[in-house]
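Have a look at the structure below before the remarks.
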Amino acid sequence: MDLNLLKRRGPDEWHIAPRGKMRVPGVIYATEDLIHDMDEKVYEQVTNVATLPGIVQASYAMPDAHWGYGFPIGGVAAFDPDLGGVVSAGGVGFDISCGVRLLRTGLTVEDLQLVKELLAEALFHRIPAGVGSTGKVHLDRYEMQAMLAGGARWAVGKGYGTHEDLEFIEEHGCMDDAKPEHVSDFAKKRQQDEMGTLGSGNHYLEVQQVVRLFDVETASVFGLRAGDVVVSIHCGSRGLGHQIGTEFLKSMVTTAARHHIELPDRELACAPINSEVGQEYLGAMRAAINCALANRQIVTHLVRQVFADIVPQASLSLLYDVSHNTCKVEEHVMDGIPTRLFVHRKGATRAFGPGHPDLPPSLRSVGQPVLIGGTMGTASYVLVGTKESMALAYGSACHGAGRSMSRHQALRQWHGRDVVKELATRGILIRSPSMRGIAEEAPGAYKDVSEVVDAADDASLARKVARLEPLVCVKG
DNA sequence: ATGTAC
């Protein structure tokens, strides 16, 4: 990206002054190097989002931002319904409520020494991964309805995981105001055999070791010590979320003119929050959030079964589950006045600071765990929400490394088999149904996750707590 | 992300 397009406001904060039809400025959080390498499309998309009705404060991009559908991935934007604010399917993303959860295992790296290979095989065989993967959970119409209304709470009721888990999931495991009746029969049909599966793309299940602590005190509250083994699960709402996104995107395109919304880009299709389409989308999207929460809850149950078989002394407890593709109603202080906003986070993690009432009591004093997934060959990070973050981008941070290369480019540059071999020499075991997927997801196709995380930390979006490195990765 | 293009 051309640095001349931006005005530097701080070491990691860049502004785009409103011009043309922009209603608010654009703000990108990144280091100079990250900005330099960032796709020019991010600039274009951040400014496009700034033109949408009812947007408040600014159109934001996180340090991992890259080109997405309409909105950038790594984008955050909030809309005020009382100012004609909109909700946008492309502002949430197709994989609704895609997210990461992190489990402690009570094990150290030494405990896995002899069983790592066995564990990799067992996880690969027990947790379905890949395009169109299906699992052993099959939902009839009644159960589908219950799942879409109940989320992880429904899953726990069915015997997947524990009530204690629910406390450490956003929304306590169940998104209120989900409207399963606004999810099409086709979307439900696509999902009926896909519960408890990872899917494809950047989704994974990873066994990781804690290699470094940056904030020992917070790490201790999170129950993390150097040398600990943890498990990260990254997946979303599978076919159901994608189908909802596709269908509502279409209806938002066709109703835009009726709502007097001018779109600089068809991909920004949106509807007023206070409109029929807007309300139906919100209801369906919340049902998809529940689908993703239930999905990660079932995968967790499967992972626990595998660990119980292979390392019975393990005890898997949930640190936190956080989504990074959502639109949520939140109260934020605008010019000193608490205001109800519809916050879109697309490829951006919620990062609420200490004291936030939505956090579980045991974490409230330190802040929300912010889970940032790397690539299969690089580190992941645990951060914590900051007080400052709430006034920056509504308490949001980056969600991962962010792609720096298209899938197509990556396919030309790498062979999946070579990537797996190279990682094996570094003690990282990769298991995947798709060697093509591995090539597309090669670590080299991503930005440097440490640089991205440092930028988020420097900008006070969130603060670094622990660095994790992969041991075993089941890749979708 | 995705029954990997509409």
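So you know, we letter chains A, B, ... as the sequences are listed, proteins then strands, and number each from 1. In what follows, every heavy atom counts, from backbone to side chain, and hydrogens, waters and symmetry copies are set aside.
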For A:G201, answer base if it contacts any base atom (sugar-phosphate contacts may also be present), sugar-phosphate if it contacts only those atoms, and nothing otherwise; contact means non-hydrogen atoms under 4.0 Å. sugar-phosphate
If I take atom NE2 in residue A:H242 and atom P in nucleotide B:dA5, what distance separates them, rounded to the nearest angstrom? 10 Å
Do A:R403 and A:E441 meet the salt-bridge criterion of a basic N to acidic O distance under 4.0 Å? yes
Short side-chain N/O contact to B:dT4 OP1/OP2 from A:R407, under 4.0 Å: no
With a cut-off of 3.5 Å and sequence neighbours excluded, list every side-chain donor-acceptor pair involving residues 269-277 of chain A.
residue, atom, partner, partner atom, Å
A:N274, ND2, A:P81, O, 3.4
A:S275, OG, A:P272, O, 2.6
A:S275, OG, A:G278, N, 3.1

Using a heavy-atom cut-off of 4.0 Å across all strands, would you classify A:S200 as base, sugar-phosphate, or nothing? base
Gap between atoms CD and P, on A:E247 and B:dT2 respectively (whole Å): 16 Å
Whole Å only: how far is the CZ atom of A:F94 from the P atom of B:dA5? 13 Å
What is the nucleic acid contact for A:E194, judged by heavy atoms within less than 4.0 Å: base, sugar-phosphate only, or nothing? sugar-phosphate
Remember a base hit wins even if backbone is also touched, and classify A:G199 as base, sugar-phosphate or nothing at under 4.0 Å, heavy atoms. sugar-phosphate
A:I244 CD1 to B:dT2 P: how many Å, rounded? 14 Å
Rounded to the Å, how far apart are A:K189 NZ and B:dT2 P? 18 Å
Rounded to whole Å, the NZ-P distance (A:K250 to B:dA5) equals 15 Å
When the distance from CG of A:L411 to P of B:dT4 is rounded to whole Å, what number comes out? 15 Å
Below 30° counts as parallel, above 60° as perpendicular, anything between as tilted: where do the rings of A:Y60 and A:Y29 land? parallel
Where do A:S396 and A:S389 come nearest, in terms of heavy atoms and distance? N-OG, 3.5 Å
Roughly, in whole Å, what's the span from CZ in A:R238 to C1' in B:dT4? 12 Å
